[in-house]
Engineer: 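Below is one structure. I have some questions about it.
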There are 2 protein chains.
Amino acid sequence: MTNLDIGASLKAVRKLKGLSQRELAKRAGVTNSTISMIEKNSVSPSVSSLKKVLSGIPMSLVEFFSIGESASSEQKIVYRADELLDIGTGPLEFKVIGRDYPNRAMSVMSETYPPGADTGEEMLKHVGEEAAMVITGKFELTVGDEIFILEAGDSYYFNSELPHRFRNPFDEPCHLVSATTPANF
Amino acid sequence: MTNLDIGASLKAVRKLKGLSQRELAKRAGVTNSTISMIEKNSVSPSVSSLKKVLSGIPMSLVEFFSIGESASSEQKIVYRADELLDIGTGPLEFKVIGRDYPNRAMSVMSETYPPGADTGEEMLKHVGEEAAMVITGKFELTVGDEIFILEAGDSYYFNSELPHRFRNPFDEPCHLVSATTPANF
DNA sequence: TTACAGTGTTCATTTTATTTAACATACTTG
DNA sequence: CAAGTATGTTAAATAAAATGAACACTGTAA
């Protein structure tokens, strides 16, 4: 199944961050030789030290091992900006991508929340997972009892069973691209 | 962040399978004392031996650590712009949203294709569905024998079994937000 | 050129993990 | 009850990983 070339993976991840062995070692609180030997697969690091090393990236163990695993008609395909189906009301835009794709596994949407928009005090709750990235503007996300303010470039991913709410208390519209599974729309 | 009580996790997983320490040890090819000490957290196993132990379950390292994370329930929800894990190479950006969400159903990513970027002449093909919206720039999408040019605001949704290719033959980088299911990354 | 700071690698030593072989306890079952 | 066979734990011996201090190499500035 998995190749699990820890050495190569670590090296790739480290290079990706533009760190030298010594730099990463310093951040992680281990010695440079430890990193050298791990990357050369001349040792199999202990979980604790691998965790320490990854903390210098930073990266979790799940992420690290996940990366190792992936290294990998008639139907309408492209939807032009003005072709998207808007299922929102008024200034609230909910534009569905792939609206006529039969039995879609996901709802991918371009959403625009005008100032004042709010999904309501009654928190949303449903099966599935949802994620999105903010393109422009800011908005307030509540998940469980946590409240976040997200700005352009920020993103989220959570289980939709957690009670959640979207709100735009700011004075400019917020645009985001979202994905949910299974398809709700 | 993560508790990562390896001992407790291993014990839970083992019990779940109804195995004794010795039984698991035999299947995994390690000694029973190894398992005892790991479960008591009196050692931090090496990755190789932990992998051996899990092979007796059987269970992958990703799965194992995922369990630990969900058990400690400190799941991250919001990812700031600079926190996204970039798994691209060089100027090619592939930023994963919800990177350590255990057993994600989707890969939602922020992708940036620099001028000249190309997934190659060998067309991509895999199970699942994928969709995206272009945020800035333009790029060329090939699906089957159709070629599309997509600009900001345009989007696509197609079955990943259809051979496809991404290319940026233009002179400015192209940024898009994509979603694929199942999770490839 | 020389000196210097960066890179990754190697080796002897120290620290830690793993095995081997025992131990104590609990539960059968004859 | 006693003998047998599970269970998980532990101590000393062995094997392996982590450290500390070197080494060789590169590029750069004086």
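Numbered from 1 within each chain, the chains take letters A, B, ... in sequence-line order.
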Engineer: Find the distance B:Ile38:CD1 to C:dA17:P and express it as a whole number of Å.
Structural biologist: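 Spelled out: CD1 on B:Ile38 to P on C:dA17 is 10 Å.
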
Engineer: Taking the inter-plane angle between the rings of A:Tyr156 and A:Phe166 on a 0 to 90° scale, is it parallel (under 30°), tilted (30 to 60°) or perpendicular (over 60°)?
Structural biologist: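 Correct class here is tilted.
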
Engineer: Using whole Å, what does the distance between atom C1' of nucleotide D:dA17 and atom CD of A:Glu39 come to?
Structural biologist: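 So the two atoms are 16 Å apart, to the nearest Å.
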
Engineer: I'd like to know if the side chain of A:His164 pairs up with that of A:Thr142 as donor and acceptor (distance under 3.5 Å, no hydrogens or angles considered).
Structural biologist: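 Checked: A:His164/A:Thr142 side chains show no N/O donor-acceptor pair below 3.5 Å.
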
Engineer: Below the 4.0 Å mark, does C:dT7 have OP1 or OP2 next to a side-chain nitrogen or oxygen of A:Gln21?
Structural biologist: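 For A:Gln21, the contact criterion (side-chain N or O under 4.0 Å from OP1 or OP2 of C:dT7) is not met.
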
Engineer: Is B:Thr34 touching bases, backbone alone, or none of the nucleic acid, heavy atoms closer than 4.0 Å?
Structural biologist: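 Here B:Thr34 touches the bases of the nucleic acid.
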
Engineer: Is A:Arg14 close enough to C:dT7 that one of its side-chain N or O atoms is under 4.0 Å from OP1 or OP2 there?
Structural biologist: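 No, because none of the side-chain N or O atoms of A:Arg14 sits under 4.0 Å from OP1 or OP2 of C:dT7.
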
Engineer: Please state whether the phosphate of D:dG8, meaning OP1 or OP2, lies under 4.0 angstrom from any side-chain nitrogen or oxygen of B:Ser36.
Structural biologist: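 No, outside the criterion.
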
Engineer: Can you find a side chain N or O atom of B:Thr31 that sits less than 4.0 Å from OP1 or OP2 on C:dT19?
Structural biologist: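 For B:Thr31, the contact criterion (side-chain N or O under 4.0 Å from OP1 or OP2 of C:dT19) is met.
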
Engineer: What is the distance, to the nearest angstrom, from the CG atom on A:Asn32 to the P atom on C:dT9?
Structural biologist: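 Distance check: A:Asn32 CG to C:dT9 P gives 10 Å.
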
Engineer: Flag the pair B:Phe170 / B:Phe139 as yes when their ring centroid distance falls below 6.0 Å, and as no otherwise.
Structural biologist: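 Aromatic pair excluded; centres sit 6.0 Å or further apart.
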
Engineer: Expressed as a whole number of angstroms, how long is the span from B:Ile35:CD1 to D:dT9:P?
Structural biologist: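 One finds 11 Å between P of D:dT9 and CD1 of B:Ile35, rounded.
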
Engineer: With heavy atoms under 4.0 Å as the rule, sort B:Ser46 into base, sugar-phosphate or nothing.
Structural biologist: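 Result for B:Ser46 = sugar-phosphate.
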
Engineer: Does one side chain, of B:Thr34 or B:Thr31, offer a donor that lies under 3.5 Å from an acceptor on the other?
Structural biologist: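 There is such a pair between these side chains.
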
Engineer: Over all strands shown, is A:Ser20 touching base, sugar-phosphate only, or nothing at heavy-atom distances under 4.0 angstrom?
Structural biologist: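 Sugar-phosphate contact only - A:Ser20 comes under 4.0 Å of backbone atoms but never of a base.
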
